[in-house]
Amino acid sequence: MRDHYHGTPWTTDVAIIGAGPAGLALACALAPLGLRIGLVERQPLQALAEPAFDGREIALTHASLRLLHELGIAAHIPAAAMPPLRTARVIERDVARELQVHAAGTGHDRLGSLVSNRTIRTAAWQAVQALPDVQVHAGATVDAVHTDARAAEVRLADGRVLRAGLLVAADSRMSQTRQALGIAADIHDFGRHMLVCRMRHEVANDGVAWQWFGDGQTRALLPLEPQLSSVVLTLTGAEAQRMERLDDGAFAGEVERRFEHRLGRMTAVGSRHRYPLTTVYARHFVATRAALVGDAAVGMHPVTAHGFNLGLASVERLAVAVADSLHRHADPAHPRALASYQRRHRRGSLPLFLATATVARLYGDDRTAARPLRRAALEAAAGLAPFRRALAAGLVDDGPVDPRASDRVRNALQWLRPG
Ligand SMILES: Cc1cc2nc3c(=O)[nH]c(=O)nc-3n(C[C@H](O)[C@H](O)[C@H](O)COP(=O)(O)OP(=O)(O)OC[C@H]3O[C@@H](n4cnc5c(N)ncnc54)[C@H](O)[C@@H]3O)c2cc1C
C-alpha cells in the first residue's frame with residue numbers, strides 16, 4: 001500500500017483518533033492487511049500502557065471473545081481475569097416469576113465472560129506493541145481534521161500533520177472527530193447516573209448476574225469471584241453523587257440495604273465510579289474518506305451490556321470493508337466499501353440499540369406509568385422458554401458477525417423447538 005490513490009502522498013494509510021479499546025482493536029485488525037496505521041490519543045503513553053481501573057466490568061459475548069482471540073488481544077488476558085457468566089436473572093419487585101437465562105443447553109459452559117475494561121485496554125495495548133506498522137501519537141491534541149476525495153488530514157496542536165487514505169473516529173460517544181466531520185448524532189440523556197463499585201459479600205453469587213428493577217432504582221450484580229461482585233446502581237445524579245461521597249462503612253451499609261441483605265454483609269473494595277447515562281446514535285457512520293467505530297458510532301445504554309460488543313462488531317465490519325476496498329480498488333476508503341460498512345453496521349446495531357433504549361425507558365424510571373406494562377412483559381418473557389433460549393443463543397453465538405438470512409431462520413427455528 002505504498003502507491004496510493006491518484007498518486008497522493010499519504011504519510012500513513014489509516015489515521016485512527018482514539019486509542020480506547022475500539023481504536024486499539026481496529027489497529028490490530030487493519031495492520032495485518034499491510035496498512036500503516038497512525039493512532040492519535042490524547043492520554044499520555046503511560047495511561048495507555050497501564051490504564052487505571054474505571055469500574056467497568058465488560059460482559060463479552062462469544063462473538064467478541066472469538067474476535068479478541070483472532071486479533072491477538074485475548075492472548076494477553078489471563079484466564080483468571082475472565083470469570084464466566086453462567087446465568088442471568090432479571091428480577092422485578094412484586095413479580096413472582098423472574099426471568100432466568102442459562103448457559104446450560106446452549107452447548108457452552110458460559111453465556112459470556114466478564115473482563116474488566118482495564119484488562120481489555122491493557123491487553124489491546126500489548127497486542128498493538130507487537131505491530132511494527134502502528135505508530136502511536138500519545139498525549140496529542142487534535143487541532144483540525146479535513147477530508148476530501150484525495151486524502152484525510154489530521155493536524156495536531158504541536159504542528160505534526162498526518163495525511164492518510166482513511167480517517168477513523170474512535171474517540172468515544174461525544175466524539176469531537178464526528179462533530180468536526182459534520183456528522184450529526186441522536187443523543188439522549190436519561191437523566192440517570194450509574195454508580196459502579198466492586199464489593200465482597202458473605203453469600204456466594206454462584207456465577208449469576210442480577211438485573212433487579214423496582215423501588216425507584218435499578219440494581220445489578222456482576223459475579224467476579226464467588227464472593228466478589230461488581231455492584232451497579234442506577235440513580236438520579238444527586239443520589240449517585242451522595243453515595244459516591246459516603247465513607248466505606250456507610251456505603252456498604254446502604255448497598256446491603258438496597259440489596260435487601262440478600263448477599264449478607266458487604267464490604268466495598270477499591271474505588272467507586274460514576275457514569276452519566278447518555279446514549280448516542282450517529283446519523284451516518286461514514287463520510288468522504290472517514291468512518292466511525294465503537295462508541296463514536298453507537299454509544300449504547302449499558303443496561304443490556306452490549307456497548308463494546310457492538311464496538312467490536314464495528315471493528316470487524318470496517319476491517320472487512322477495508323480489505324474488500326483494497327482488493328477491488330487498491331484504496332482503503334473507496335466510497336462503495338465505506339457505504340457497505342455503514343449499511344452492515346446500521347443493520348447489525350439499530351435493532352439492538354432501539355430495543356435497549358426501550359428496555360432502559362421501560363425499566364429505568366420507577367415513577368413512569370410503565371410499571372404494569374413492564375411487569376406483564378417480564379411475566380410473559382419469563383414464561384416463554386423459546387424467548388429465554390433465544391436470549392442465551394444470541395449471547396453464545398460466536399459469529400459470523402452478520403449471519404446470512406437462511407442461518408437466521410435456521411437459528412430461529414432451533415430456538416422455537418421445545419426441550
Ligand atoms: C458502567 C459501564 C458498564 C459497561 N458495561 C459493558 C458491558 O458489560 N458490555 C459491553 O459490551 N459494553 C459495556 N460498556 C460499554 C463499553 O465500556 C464501551 O462501549 C467501550 O469502552 C467503548 O470503547 P471506545 O474505544 O469506543 O471508547 P472509549 O473507551 O471511550 O475510548 C475512547 C478513547 O479516545 C480517546 N479520545 C477521546 N477524545 C479524543 C480526542 N479528541 N483526541 C484523541 N483521543 C481522544 C480517549 O482518551 C479514549 O482513550 C459499559 C460502559 C459503562 C459506562
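Ligands are counted one by one from 1 in listed order, and the atoms in each one are counted from 1 as well.
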Please verify whether a non-hydrogen atom of [X] lies at under 4.0 Å from ligand 1.
X      : answer
Glu57  : yes
Ala170 : yes
Arg173 : no

Exercise. Does atom CZ of Arg242 have more than 12 heavy-atom neighbours from other groups under 6.0 Å away?
Worked result: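 Above 12, so yes.
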Exercise. So with a 6.0 Å cut-off around CZ of Arg155, is the heavy-atom count from everything else above 12?
Worked result: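 No.
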For [Y], is there an ion pair with [X] - N to carboxylate O distance below 4.0 angstrom?
X      : Y      : answer
Arg289 : Glu153 : no
Arg36  : Asp13  : yes
Asp248 : Arg272 : yes
Glu50  : Arg118 : no

Among protein heavy atoms, which lies nearest [atom], and at what distance?
atom                    : result
atom 24 (P) of ligand 1 : Ala22 CB, 3.8 Å
atom 28 (P) of ligand 1 : Ser172 OG, 4.0 Å
atom 17 (O) of ligand 1 : Arg56 NH1, 2.7 Å
atom 7 (C) of ligand 1  : Ala59 N, 3.4 Å
atom 11 (O) of ligand 1 : Phe308 N, 2.8 Å
atom 48 (C) of ligand 1 : Glu41 OE1, 3.6 Å
atom 41 (N) of ligand 1 : Gln176 OE1, 3.3 Å
atom 14 (N) of ligand 1 : Ile58 CD1, 3.8 Å

Give the atoms of ligand 1, by number and element, whose distance to some non-hydrogen atom of [X] is under 4.0 Å.
X      : result
Arg121 : 48 (C), 49 (O)
Gly294 : 26 (O)
Gly20  : 25 (O), 31 (O), 33 (C), 49 (O)
Ile17  : 42 (N), 43 (C)

Residue selection (non-hydrogen contact nearest [atom]) among [options]:
atom                    : options                : value
atom 9 (N) of ligand 1  : Pro21, Ala305, Ala313  : Ala305
atom 39 (C) of ligand 1 : Val40, Leu312, Asp171  : Asp171
atom 26 (O) of ligand 1 : Asn309, Asp295, Leu292 : Asp295

Exercise. Counting only heavy atoms, which portion of Arg42 has something under 4.0 Å from ligand 1: side chain, backbone, both, or neither?
Worked result: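 Both the backbone and the side chain of Arg42 come within reach of ligand 1.
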Exercise. So, His273 versus Ser271: side-chain donor-acceptor pair below 3.5 Å or not?
Worked result: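 Present: a donor and an acceptor within the cut-off.
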Exercise. Under 3.5 Å, is there a donor-acceptor pair between the His201 and Ser229 side chains?
Worked result: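 Checked: His201/Ser229 side chains pair up, N/O donor to acceptor below 3.5 Å.
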Exercise. In chain order, what residues pass the side-chain hydrogen bond (donor to acceptor under 3.5 Å, both in side chains) check against Glu70, with sequence neighbours excluded?
Worked result: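 side-chain hydrogen bond (donor to acceptor under 3.5 Å, both in side chains) check on Glu70 returns Arg66.
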Exercise. Would His306 and Thr61 count as a side chain to side chain contact (heavy atoms under 4.5 Å, CB included) if you check the C-alpha gap in whole Å, the side-chain angles of each, and the deciding distance to 0.1 Å?
Worked result: CA-CA 8 Å; His306 270 304; Thr61 61; 3.6 Å; yes
Exercise. Do Arg150 and Trp10 meet the cation-pi criteria used here (NZ or CZ under 6.0 Å from the six-membered ring centre, within 45° of the axis)?
Worked result: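 Here Arg150 fails the 6.0 Å and 45° test against Trp10.
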Problem set entry | Worked check of side chain to side chain contact (heavy atoms under 4.5 Å, CB included) between Val231 and Phe259 | CA-CA 10 Å; Val231 165; Phe259 277 82; 3.7 Å; yes
